Q: 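Handing you a structure now.
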Amino acid sequence: MFNKILATSVATVGLMMTVSISAAQANPKAMTWKVFGKPLVLNSKTYVLFGSDNDQPGGTNPYEGDTSINKYRSLLCIKKTNAPVPVGLPLSSISPGGATLASWSGGTVLVIPNIQGKQLTSEAVADNICNQVGQIIRGISGYRMAEFHDGTGYSAGWSFWAEAYGYKNGLAQYTRYWVKISDQPANPWP
């Protein structure tokens with residue numbers, strides 16, 4: 001009899017419980033970046049500056065995310081090649097907070113259009129998508145999802161230059177790109 005009463009009480013308590021979730025959990029967001037300016041062609045190679053527009057309304061939010069993961073955006077992928085800084089690339093700068101801005105990434109990027117943020121369920125999944133597409137399109141492995149700190153220099157972040165593969169395929173000034181961040185919770189995955 002006691003077990004039956006206890007089971008009924010536990011079931012009743014379970015039914016009366018309310019669960020509260022934060023707005024961030026109800027509408028999860030992830031960080032996106034954009035292209036700045038026009039591509040730069042140096043020695044027949046195309047270079048693009050990607051970065052955060054956190055100073056604009058609706059722009060990048062590297063701390064909480066800025067775009068619902070239910071949205072479709074392009075996935076920015078990078079393969080770090082340790083290539084030297086191209087001659088003629090604009091110099092990087094230092095922010096008031098000490099971050100190195102607009103630095104050379106030492107890599108090549110490719111873009112995968114129309115990826116829903118919630119498809120990127122983990123860093124490994126995102127990196128694998130980039131790697132598989134890199135193998136298909138470029139015939140080489142080693143691509144992964146681009147990261148907030150992929151530039152070079154002390155405390156690199158907020159933006160970086162990269163050689164752009166397939167400029168005509170998905171790179172556009174008004175497109176937003178999924179980019180991961182290693183030290184904040186603004187990624188598409190939980």
Side-chain angles (χ1 to χ4, degrees), residues 30-62 65-67 71-95 99-117 120 126-127 129-182 186-188:
M31 182 180 68
T32 59
W33 274 13
K34 65 174 272 183
V35 169
F36 287 102
K38 294 183 178 182
L40 182 61
V41 178
L42 300 169
N43 294 321
S44 70
K45 293 184 178 180
T46 302
Y47 300 94
V48 177
L49 178 61
F50 294 92
S52 164
D53 58 347
N54 62 311
D55 58 343
Q56 300 297 316
T60 303
N61 183 334
D66 51 80
T67 303
K71 302 280 185 182
Y72 288 82
R73 298 291 181 260
S74 292
L75 176 58
L76 184 62
C77 303
I78 190 166
K79 177 179 173 55
K80 299 286 256 181
T81 62
N82 296 319
V85 178
V87 174
L89 198 69
L91 297 175
S92 59
S93 61
I94 305 296
S95 74
T100 303
L101 307 172
S103 62
W104 170 237
S105 68
T108 302
V109 294
L110 63 83
V111 170
I112 305 170
N114 300 318
I115 298 291
Q116 189 176 28
L120 307 173
D127 290 346
I129 292 169
C130 289
N131 190 47
Q132 286 182 355
V133 172
Q135 289 175 4
I136 293 166
I137 293 177
R138 304 247 8 243
I140 51 176
S141 60
Y143 278 93
R144 61 166 172 77
M145 186 176 184
E147 203 270 336
F148 184 90
H149 303 95
D150 269 334
T152 54
Y154 176 76
S155 192
W158 302 100
S159 57
F160 62 75
W161 283 94
E163 182 183 347
Y165 176 77
Y167 172 67
K168 298 174 284 263
N169 185 19
L171 290 175
Q173 193 169 9
Y174 300 105
T175 297
R176 298 204 67 85
Y177 304 90
W178 298 117
V179 174
K180 66 184 173 184
I181 185 165
S182 61
N187 295 304

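Numbering starts at 1 and runs along the sequence shown. Every value quoted in this text rests on a predicted model; they were computed, and no experiment measured them.
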Q: Under the 3.5 angstrom rule, does the side chain of Ser52 hit a backbone N or O of Trp158 as a donor-acceptor pair?
A: no
Q: Nearest 0.5 Å, please: how far is CG in Asp150 from CH2 in Trp33?
A: 7.5 Å
Q: Using side chain to side chain contact (heavy atoms under 4.5 Å, CB included), reason through Leu120 and Asn187 one step at a time and then give a plain yes or no.
A: CA-CA 9 Å; Leu120 307 173; Asn187 295 304; over 6 Å; no
Q: Between Glu147 and Ser182 (side chain of the first, backbone of the second, donor and acceptor by atom type, cut-off under 3.5 Å), is there such a pair?
A: yes
Q: What pair of heavy atoms forms the shortest contact from Ser74 to Val111, and how long is it?
A: CB-CG1, 3.5 Å
Q: Using the side chain to side chain contact (heavy atoms under 4.5 Å, CB included) rule, take Asp53 and Arg176 through it: C-alpha gap first, then chi angles, then the decisive distance, then the call.
A: CA-CA 10 Å; Asp53 58 347; Arg176 298 204 67 85; 2.9 Å; yes
Q: So which atom in Arg138 and which in Tyr143 form the shortest heavy-atom distance, rounded to 0.1 Å?
A: NH1-OH, 2.7 Å
Q: In this structure, are over 12 heavy atoms from other groups packed under 6.0 Å from Asp55 atom CG?
A: yes
Q: Just by distance, do the side chain of Ser141 and the backbone of Gln135 share a donor-acceptor pair under 3.5 Å?
A: no
Q: Are more than 12 heavy atoms, taken from residues, nucleotides or ligands other than Lys71, located less than 6.0 Å from that residue's NZ atom?
A: no
Q: Kindly say whether Asp127 contributes a backbone atom to a donor-acceptor pair with the side chain of Lys180 at under 3.5 angstrom?
A: no
Q: Can Val109 and Val48 be said to form a side chain to side chain contact (heavy atoms under 4.5 Å, CB included), step by step?
A: CA-CA 9 Å; Val109 294; Val48 177; 5.8 Å; no
Q: Where do Ala186 and Pro62 come nearest, in terms of heavy atoms and distance?
A: CB-O, 3.3 Å
Q: Looking at every heavy atom in both Pro90 and Leu40, which two are closest together, and how far apart are they?
A: CD-CD2, 3.6 Å
Q: Please report the interatomic distance CE(Met145) to CD1(Ile181), rounded to the nearest 0.5 Å.
A: 11.0 Å
Q: Any heavy-atom pair between the side chains of Cys77 and Ile112 that's under 4.5 Å?
A: yes
Q: Rounded to the nearest 0.5 Å, how far apart are CG of Leu49 and NZ of Lys34?
A: 10.0 Å
Q: Looking at CZ of Arg144 and CG of Leu76, how far apart are the two atoms once the value is rounded to the nearest 0.5 Å?
A: 10.0 Å
Q: Looking at every non-hydrogen atom in both residues, tell me the closest pair between Phe148 and Met31 and how far apart they are.
A: CD1-SD, 3.8 Å
Q: Quick check for you: to the nearest 0.5 Å, what is the distance between Cys130 atom SG and Leu110 atom CG?
A: 6.5 Å
Q: May I have the step-by-step check of side chain to side chain contact (heavy atoms under 4.5 Å, CB included) for Asn61 and Asn54, ending in yes or no?
A: CA-CA 6 Å; Asn61 183 334; Asn54 62 311; over 6 Å; no
Q: Keeping the roles fixed (side chain from Trp161, backbone from Leu89), state whether a donor-acceptor pair exists under 3.5 Å.
A: no
Q: Counting N and O atoms only, with roles assigned by atom type, does the side chain of Asn131 sit under 3.5 Å from a partner on the main chain of Gly142, one being a donor and the other an acceptor?
A: yes
Q: Return the minimal non-hydrogen interatomic distance between Ser159 and Leu101, and the atom names on each side.
A: OG-C, 3.7 Å
Q: Under the criterion ring-ring contact (aromatic ring centres under 6.0 Å, His included), I'd like the reasoning laid out for Trp104 against Phe160: C-alpha separation, chi angles, the key distance, then a yes or no.
A: CA-CA 6 Å; Trp104 170 237; Phe160 62 75; 9.1 Å; no
Q: Answer yes if the side chains of Thr32 and Asp66 hold a donor-acceptor pair under 3.5 Å, and no otherwise.
A: yes
Q: Whether the side chain of Thr81 engages the backbone of Gly106 through a donor-acceptor N/O pair (distance < 3.5 Å, no angle test) should be reported.
A: yes
Q: Does any N or O in the side chain of Lys79 come within less than 3.5 Å of the main-chain N or O of Gly107, such that one atom is a donor and the other an acceptor?
A: no
